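Just so you know, ligand 1 is whichever comes first in the structure, and atom 1 is the first atom listed for that ligand. Keep in mind that the numbers below use all heavy atoms, side chains included, and drop hydrogens, waters and symmetry copies. These numbers come from a predicted model, not from an experiment. By convention here, the first residue in the shown sequence is residue 1.
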Amino acid sequence: MPLFDHPEFDEHVEVAFCRDPASGLKAIIALHNLSRGPALGGCRMWPYADEAEALTDVLRLSRGMTYKSALADLPYGGGKSVIIGDPRADKSEALFRAMGRFVESLGGRYIIAEDVGMSVADIETMGRETAHVAGVAAGGSGDPSPATAWGVFQGIRAAVRHRLGAETLDGVRVAVQGLGSVGFHLCRALSEAGARLVVTDLNQQAVARAVDELGAEAVAPDAIVTAEAEVFAPCALGAVIDDLAIERLKAVVVAGSANNQLAAPRHGAALRDSGRLYAPDYVINAGGVINISHETRPGGRPYDKQAAFAHVAKIHDTLLEIFARADKAGIPTSEAADRLAETRFKPAGLAAAA
Ligand code: NAD
């Protein structure tokens, strides 16, 4: 399979194909850029149709981590890994231990964490073979969702300030799509700040809880985009911002935790052209990785929740800077974020020798 000509290949410094016949492991680890430090990124387990699909995913995801870490001001580069397999059927201790040995063989250039299809326990199993793991329960930062929600809350504050000129969220209506791990924590923070909530989820129990505990108004899943609100916070699925959504959306701010919110890059420009302010997803949802990064800080300082959450809160100012740059250059915020990130790492970067 030609790697250097692959459309998602972006001068990645290293791509490792990992095979362990005894356990059945087939995995790919992609390190995109190490100029800021070792690559910190999740491991996704997914029943990819073939190796080509897995490669495309890991190349794209690892590049995304370089941008995310740079804008979150982390001393880390960008990397990601994928295990080809069905997380409901193919997990075993031998598989994760083999993966741990491959991570160990990279000598600390890659720090592995949880992603789609993986649990904290799976990463802990890898941790029996390598110290280069993050996001584990013992002595670690635990569930990243509260930190992610805190970052999204700060991002909504920044976007409301920039687009609506409001100093607080008091009385601001926020339509939240998805009341899962992140969405519910976000709703609680919004409610405490005086925002008015319109919510939806496929899970009726989650909706009932938001109505009962937070006084939210519930709408059907297909009515959330057209809900009367100033802010739309996608916290469920990716690709929710497409042509139809932009046509129907009532909100003037789009700011939520979901990954890959834009169906295509051109929808960043379409949001801008329609007068809406978009908080780029990989900037606003970086709270989880910022929190995890505080476990593995160079120098071995122990995890400190207060310091980690203070770092997460900087997402507010980073977004204000991105909004200002986008206005000045007359470009979509999604493009302004990429450009700012690119000033913070060296192209085709390998970490400098210590
Ligand atoms: P989750 O699985 O806990 O919650 C997702 C919720 O969305 C579920 O309650 C689900 O029922 C609901 N949902 C699914 N489809 C829906 C639909 N069509 N309409 C309404 N609701 C729907 O996930 P999470 O951890 O809260 O993450 C939410 C999003 O944020 C995901 O896109 C995730 O990739 C992203 N994200 C999460 C984190 C984190 O720390 N958990 C970090 C970065 C990004």
Would you mind telling me if ligand 1 is within reach of the side chain of Thr148, the backbone, both or neither, using heavy atoms under 4.0 Å?
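The answer is the side chain of Thr148.
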Heavy-atom distances under 4.0 Å decide this one: backbone, side chain, both or neither, for Ser257 against ligand 1?
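Looking at Ser257 and ligand 1, atoms from backbone and side chain both fall under 4.0 Å.
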Tell me whether ligand 1 is touched by Ser145 - counting only heavy atoms on the residue side and a distance under 4.0 Å.
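It does; at least one heavy atom falls under 4.0 Å.
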When you measure from the centre of the six-membered ring of Phe309, is the NZ or CZ of Lys305 closer than 6.0 Å and no more than 45° off the axis?
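That pair qualifies as a cation-pi contact.
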Tell me whether Arg272 forms a cation-pi arrangement with Tyr278, defined as NZ or CZ under 6.0 Å from the six-membered ring centre and within 45 degrees of its axis.
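Output no; distance or angle outside limits.
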Please list, in number order, the atoms of ligand 1 under 4.0 Å from a heavy atom of Pro144.
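Atoms satisfying the 4.0 Å criterion: 40 (O).
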Between the candidates [options], which shows the shortest non-hydrogen contact distance to [atom]?
atom                    : options                        : value
atom 14 (C) of ligand 1 : Asn259, Ile292, Leu202         : Leu202
atom 1 (P) of ligand 1  : Ala236, Gly42, Gly135, Ser181  : Ser181
atom 37 (C) of ligand 1 : Val182, Val207, Leu237, Asn285 : Val182
atom 9 (O) of ligand 1  : Asn203, Val240, Asp201, Asp222 : Asp201

Suppose we measure from atom 28 (C) of ligand 1 to each protein heavy atom; which comes out shortest, and what is that distance?
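Among all protein heavy atoms, the one nearest atom 28 (C) of ligand 1 is Cys235 O, 3.2 Å.
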Protein heavy-atom partner closest to atom 4 (O) of ligand 1 - residue, atom, separation in Å
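Result for atom 4 (O) of ligand 1: Gly180 CA, 3.2 Å.
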So, taking the atom named [atom1] in [X] and the one named [atom2] in [Y], what distance separates them when rounded to the nearest 0.5 Å?
X      : Y      : atom1 : atom2 : answer
Lys314 : His311 : NZ    : NE2   : 5.5 Å
Leu340 : Thr343 : CG    : OG1   : 4.5 Å
Leu71  : Phe345 : CG    : CZ    : 9.0 Å
Arg344 : Ser35  : CZ    : OG    : 12.5 Å
Lys26  : Ile84  : NZ    : CD1   : 6.5 Å

Would you say the ring centroid of Phe323 lies under 6.0 angstrom from that of His162?
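Here the rings of His162 and Phe323 have centres that are less than 6.0 Å from each other.
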Is atom 23 (O) of ligand 1 near the protein, in the sense that some protein heavy atom lies at less than 4.0 Å from it?
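Neighbour list for atom 23 (O) of ligand 1 is empty of protein heavy atoms (cut-off 4.0 Å).
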